[in-house]
Amino acid sequence: MGFLNLFNKRSDNGSKLSVSLPVIEPAEAKEEIKSVETPVVAPTNKEKPMTISYATGWPIDVIYGYLCKNYENKGFDDAMLKSDLAFRDLNMSLIKNKILMVFREINLNYDVMKQDLQTRIDNCNAAGLLTTVSELEKTMSTINAHKEELKQLEADFRNNANEASIPLQSYDCGFLRGIASIQMSGTNGTIKTPAMQSHDTIALNRGIA
């Protein structure tokens, strides 16, 4: 997983500070996460890029993307392969561990950003650049707010609660739907539809009755 520069660093003479979103490549190549605003494209391979387009432009957007992903179709497809609850639990555990790793990486990313920013704040304080320090402290406040949001989102995800429950609950729903489909289809693996009767057959049956 590669990271771009977290900041286009500001010189002490007062040039503009900007923050860029690090590019994170998820393990699942076929994922596509979309929302609104200007997209940030992080290609996972040459065939299928992952698109993240949330409004903040910060690393937390990656977490929002994963927590908004619906795994119902994956759950259904897995049930078609093997309709065993132990198989379901294994796949749900894999999804959970993957997303927890993303949480860990995003948190580490923010920690590096904080260390870098604090160093710059200290240097600007020493140089008496109070306006620059004020701007940097606003950025630090944003980082701390995102860290708190990440903490709450991770707690909800671990407990499969609130909005953070979407990935695991959607997979479970899809898997159970797949099992139900298999039960309805019978041994042939295809859902049987009732045969249509002709008008003559219906009339004959009525006559016999």
(request) First locate atom CD1 of I182, then atom OG of S83, and finally report the distance between them rounded to the nearest 0.5 Å. (result) 4.0 Å
(message) Any non-hydrogen side-chain atom of M113 less than 4.5 Å from a side-chain atom of W58?
(response) yes
(request) Under the ring-ring contact (aromatic ring centres under 6.0 Å, His included) rule, collect the residues that match up with Y110, sequence neighbours excluded. (result) H146
(request) Count the heavy atoms belonging to other residues, nucleotides or ligands that lie under 6.0 Å from CD of E149, then report whether that count exceeds 12. (result) yes
(request) Would you give the length of the straight line joining atom CD of E137 to atom SG of C124, rounded to the nearest 0.5 angstrom? (result) 10.0 Å
(request) Give, for atom SG of C68 and atom CD1 of I63, the distance between the pair rounded to the nearest 0.5 Å. (result) 11.0 Å
(request) List for me each residue that meets side chain to side chain contact (heavy atoms under 4.5 Å, CB included) alongside D89, sequence neighbours excluded, and say none if there are none. (result) none
(message) One thing to verify: whether D84 and R88 come together as a salt bridge, which I'm taking to mean a side-chain N less than 4.0 angstrom from a carboxylate O.
(response) no
(request) Any chance you could measure L168, atom CG, to N160, atom CG, to the nearest 0.5 Å? (result) 5.0 Å
(message) Apply side chain to side chain donor-acceptor pair (under 3.5 Å) to residues D156 and Q152 and explain how you reach the verdict.
(response) CA-CA 6 Å; D156 286 345; Q152 184 60 53; 3.1 Å; yes
(message) Please report the interatomic distance CG(L100) to CD(E154), rounded to the nearest 0.5 Å.
(response) 6.0 Å
(message) Using the side-chain hydrogen bond (donor to acceptor under 3.5 Å, both in side chains) criterion, which residues pair with D122? Sequence neighbours excluded.
(response) Q118
(request) Decide whether K114 and N144 meet the rule of one side-chain donor and one side-chain acceptor closer than 3.5 Å. (result) yes
(message) Contact between K69 and I166 at the side-chain level, heavy atoms closer than 4.5 Å - yes or no?
(response) no
(request) Using modelled atom types only, decide if a donor and an acceptor are shared between the side chain of S134 and the backbone of T131 within a distance under 3.5 Å. (result) no
(message) Once rounded to the nearest 0.5 Å, what's the spacing between atom CD of E72 and atom OH of Y171?
(response) 12.0 Å
